[in-house]
Amino acid sequence: MVKYQPSKVEEKSRNKWKNEVDLSVPGKKFYLLVEFTYPSGDLHMGHWFAFAVPDILARLKRMQGYTVFAPQGFDAFGLPAENAAIKRGIHPKDWTYDNIARMKKQFASMGAVYDWEHEVITSEPDYYRWNQWIFLKMYEKGLAYKGKTLSNWCPTDQTVLANENVENGKCWRCGSEVIQKEVEQWFLKITEYADRLEWPDGPEVDWPKPLREGQNNWIGKSEGIEISFQVSGIRNQVLGTNRNPKPETRNQIIAYTKFPETIFGVTYMVIAPEHPLVGQLTTDEHKKEVEEYIKTSQKKSELERTSLEKQKTGVFTGSYVVNPVNLQKVPIWVADYVIFTYGTGAVMGVPGSDVRDFAFAKKFGLEIIKVIAKKPDDQSPVETAEDVLEEGWIVNSGQFDGLATPDPAKGKMMEYLSEKDWGKCKVNYHLHDWSVSRQRYWGTPIPVIYCVNCWEVKSEKLKVKSVEGKDYSLIEGDRYAIVPVPEKDLPVELPYDVDFAPRGKPPLATAEDWVRVKCPNCGEEAMRDVETLDTFFDSSWYFLRYLRYVLNTSKKDEKLPFAQDLVAKWMPVDIYFGGAEHTLGHTLYSRFFVKFLKSIGVINIDEYAQRRVHHGVILGPDGQRMSKSHGNVVNPDDEVAKYGADAVRLYLAFLGPYDLVAPWDPGGIRGVYHFLERVWKLFEAVEELSGGYGNEARIVKGKAVNVKDAKRQTLNETSLVTDKRLTIDDLYWMHKTIKKVGEDIEGIKFNTAVAAMMEWLNYLSAKAHRAGPAGSSSHPTSSTKSSSHIGDSSLVGLRALDGTPSVAVTRTEYETFLKLLAPFAPHITEELWEMMQNKKSIHDESWPEYDGRFVKTQVVTLVVQVNGKVRDSLPVKAGIDQKEAEKLALASEKVQRFLGNKPPQKTIFVKDRLINFVA
RNA sequence: GGCUCGGUGGUGAAAUUGGUAUACACGUCAGACUUAAAAUCUGAUUGCUGAAUAAGCAGUGUGGGUUCGAGUCCCACCCGAGCCACCA
């Protein structure tokens, strides 16, 4: 027999396969989705882990008779393409498409079933026109709006970043420190969906708990109360803020709190430096100080502001507010530990029961009042941070004294404040609206036109002012009407010739011919939006785009981004593989999109994936993240050249649980390669190849096994098995492994599935070894390690059902083995399958079914314990009752020794498992 | 500080969900085959006492608890990872 040569086998096998899926076929569907990839250049080991391993499940599902749809595409817009253009003068488009071509070739070497026929490339006008369509729908519904706020700004990439893309105060792409800059840009009102995006306790879909909790924390729903504090000394001035522009905010500062029950402990008020009232509240003698403070805090980067050892800073404004509950006058301070974008940007300072307020009060010598105590009569002063309590008993709070908090004090206080009209219950979210404008080139153009003329006409007609960001946009001081591009004019195509060099202006602004456009509304000169959409917009719905047409049918005249009948049939995705790093970004955004698309009636699902599975990370052999600078990159192409794609796939499946973060182990892959070689060689031991074909082995269903004495008796009287050459042990191993491998793949436990096949192989090899090439075995009766736990296998295991010695591996066994291995190692199994003289592809075979009766052994090992300690183990017939077990166990000399010849006081019996005597 | 996972041999990890702890693999050691090496095959491999493939004791981060029985459940603590975080 020729040596196993992966490179030869793999190319040959791959040429046999076709992966395109006809989405219109009836029957059981299985939509397997893996996060599509960014076309960064070459496939690395992470791609193999992410794509080749889920293919195991795809292949199993296929063999189980499902129509498996596992489409692929590229998340092709994004910064690296543009940076390559800046650095090396290659156009982003050319760079991207070159990479795509190269990566697709590399993808092929995985031998996976991914379908490229429905491919999605987000940088195709054909794709991003639907981004634009969705954007316009959102605009129509008021979910896309233009706003001017302080935003995360990356000075290196010259673009705004969403909150989710700021990691520890640094840009997720380039690692530069993010600064806060006031920028006008488009937002999506994801906050309107905050409630719907919150995960319930027992969700209907199977998504990882850490993800669900993470998203809920990020959404950060908090129920509290907004309390109004009268500003002392200012009369009848409108102190409206752009957050609360209501008449009732006259003379008032509104603070948000979750702990209203501590209001008697308020000794000061703090507002954020960005708070619009700062100017009005600052008295002349504090003006200089306050202005300076605001300046320095603005200069601080996000990083400094949040990580500077929580050292509190702040200044007094000179003004005071009055605490409504006790009419105490308390000073108003400005401090940057208050976050303007959360709540109302104003906080009541309760140093007696909040550690941050305590630190602030200590530093600036402000009064500290105890309002929560360990005991109702405790009046000891609050002196250290340990004395600051959030729960306990209310003290020094008038009629509320003596109540326990949080319950019932919190509720009572809420009621009281609402009744007096001093406070209003309010739900706040940590989640912010999603900023989607990017000041970059390689993305979806925002389908909006700005027209001065339209605004002038409109504002003449309109007697009322419109809302900035909804109707008009301020550009260099002029008002422009926001005119959405009409649907018929989509897509707004990205111009090819632009100047990419960052110069503080979006690159698209340099394409003047493109920018200048006739207003679709009035026909006058107008201009296009020169920014592009965040690429997370692209990836928020791509899984629907895969479902746009049935193979070989017209793709034209699309009315929607997808075919509704196909979506109805194929959604939701059955399993979605991806990285845990997308917990707060991509997966949250795409849930939002799906809920939005449902709200406009074009789809009818709440969650888009039935199950979500995270993959782990393959580190370099040194345990560091693989990177060129570490010099620890393991190139999958090299490994494939050395060991073959099958071995790489198998190793990635075997190295541990799928979500494991573990280093690449060069020894590990040699181990699985060795396994494949043994599978290859076992071909020679298949009985029919040495003894001729025929006598087809097949298991048929029949009556239940009933063995009186499995230790001694073979099964030749049963008619369960037509192939009498299979022993009861053979059947046990085969059926047990079928069960285990199938269940483990579905449970995403690939490592133990592989282990189970290794065990069976060990069993089969030992069997072949005993039989020997010409019956000359060197170990005729030694029971193998693998089979020993069955019990007395020297008697049971070595005799076939017809009583003759088992001689070799049967065709049934070997072919079943190949089928189980096929999803993991599709190439080698295909080749061996052909060598077994099968005509069809092994991947078109159906997955073997196991027979539960064979999964159970006839002989089980009964563990015998005395006082819970294992003292002996006996091979016994399966299913024996307690009486019989006791008799056998008590006969054991070891048991007698530990029982000391006294009868046990109590006996615990677990059928087919153990018996425990309590002395 | 909050949330979510984890902590088992020299290493990656298993453990039928409360029932023989360490499956499978790597590594190491020994043996066979070789002039030799590689490859392959066979065996050993949790620690301690023992000549032992006899027998026993200990053993899943630490300390307690529940139970006939705990890696698994409960309580307290220690350590590590990931995410979030002056969110009032």
Side-chain angles (χ1 to χ4, degrees), chain A residues 3 167-168 208-218 220 222 224 255-259 262 270 305-313 335-339 341-350 353-357 359-360 428-430 580-581 583-584 617 651 654-657 659-672 674-675 677-678 681 740 743 749 751-759 761-762 765-766 769 778-779 782 785-786 789 861-873 894 897 904-910 912-919:
Chain A
K3 206 176 160 249
E167 292 167 356
N168 292 324
K209 193 177 172 193
L211 178 146
R212 289 186 276 120
E213 295 292 325
Q215 291 194 348
N216 281 353
N217 284 342
W218 183 254
S222 114
Y256 173 77
T257 181
K258 266 159 75 179
F259 308 99
T262 63
V270 220
R305 227 174 124 163
T306 55
S307 69
L308 263 181
E309 293 184 15
K310 326 262 187 226
Q311 235 337 322
K312 299 276 184 293
T313 58
D336 63 9
Y337 81 91
V338 174
I339 296 159
T341 51
Y342 184 76
T344 58
V347 171
M348 61 186 211
V350 190
S353 69
D354 182 292
V355 283
R356 291 161 315 213
D357 295 348
F360 189 79
N428 262 317
Y429 296 96
H430 168 251
E581 70 275 15
T583 293
L584 300 182
V617 180
Y651 171 63
F654 180 60
L655 88 165
D659 56 4
L660 184 77
V661 177
W664 178 267
D665 173 10
I669 188 161
R670 279 195 292 274
V672 294
H674 181 211
F675 166 75
E677 276 188 319
R678 289 175 62 206
K681 281 189 211 156
K740 174 90 177 147
E743 287 174 357
K749 293 194 279 188
N751 55 332
T752 48
V754 176
M757 289 187 287
M758 287 173 167
E759 284 183 72
L761 179 72
N762 287 344
S765 303
H769 185 76
S778 51
H779 303 275
S782 71
K785 199 165 121 191
S786 327
H789 85 275
T861 305
L862 190 73
V863 173
V864 185
Q865 299 183 335
V866 177
N867 291 328
K869 292 207 171 218
V870 180
R871 293 306 176 188
D872 204 352
S873 63
K894 289 176 197 166
R897 185 142 43 92
Q905 298 194 344
K906 194 173 162 192
T907 305
I908 285 108
F909 177 68
V910 182
D912 290 347
R913 192 142 291 163
L914 69 77
I915 186 160
N916 185 12
F917 298 112
V918 185

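Every chain is numbered from 1, with letters handed out A, B, ... down the list of sequences. Everything numeric in this text was worked out from a predicted model, so none of it was measured.
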Legend entry - A/V350 and A/F259: CA distance, side-chain angles, deciding distance, side-chain contact (heavy atoms from CB on, under 4.5 Å) verdict: CA-CA 10 Å; A/V350 190; A/F259 308 99; over 6 Å; no
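- Within 4.0 Å of A/G220, counting heavy atoms only, lies no atom of the nucleic acid at all.
- Side-chain contact between A/R913 and A/V863: absent, with no pair of heavy atoms (C-beta onward) separated by less than 4.5 Å.
- Within the 4.0 Å cut-off from OP1 or OP2 of B/A38, not a single side-chain nitrogen or oxygen of A/R670 is found.
- The listed nucleotides are B/A25, B/A88, B/C26; the one nearest the side chain of A/N762 is B/A25.
- Contact between the side-chain N/O atoms of A/H430 and the OP1/OP2 oxygens of B/C83 is not found at any separation under 4.0 Å.
- Between the side chain of A/R913 and the base of B/U20, no donor-acceptor pair under 3.5 Å is found.
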Legend entry - Audit row: A/V866, A/K894, side-chain contact (heavy atoms from CB on, under 4.5 Å) steps and yes/no: CA-CA 10 Å; A/V866 177; A/K894 289 176 197 166; over 6 Å; no
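- Straight-line distance between the C1' atoms of B/C86 and B/C5: roughly 26 Å, to the nearest whole Å.
- Between the base of B/C5 and the side chain of A/K209 there is no donor-acceptor pair shorter than 3.5 Å.
- The nucleotide whose nearest atom lies closest to any side-chain atom of A/A755 is, among B/C41, B/U20, B/A23, B/A23.
- Here B/C33 sits opposite no nucleotide as a Watson-Crick or G-U wobble pair (both hydrogen-bonding atom distances under 3.5 Å).
- The aromatic rings of A/F360 and A/Y337 sit tilted, their planes meeting at an angle between 30° and 60°.
- At the heavy-atom level, A/P657 lies under 4.0 Å from the strands shown only through sugar-phosphate atoms.
- For A/T861, the side-chain atoms get nearest to B/U20 when compared with the rest of B/A13, B/U20, B/A88.
- In this structure, the side chains of A/R871 and A/V864 stay at 4.5 Å or more apart for every pair of heavy atoms.
- For A/E677, counting side-chain heavy atoms from C-beta on, the closest listed nucleotide (B/C86, B/A85, B/U40) is B/U40.
- A distance of about 10 Å separates the P atoms of B/A39 and B/U28, rounded to the whole Å.
- Nucleic acid contact for A/L914: base, since at least one base atom lies under 4.0 Å from a heavy atom of the residue.
- Of the side-chain N and O atoms in A/R897, one or more sit less than 4.0 angstrom from OP1 or OP2 of B/G56.
- Nucleotides B/A15 and B/U66 have their C1' atoms positioned 22 Å apart, rounded to a whole Å.
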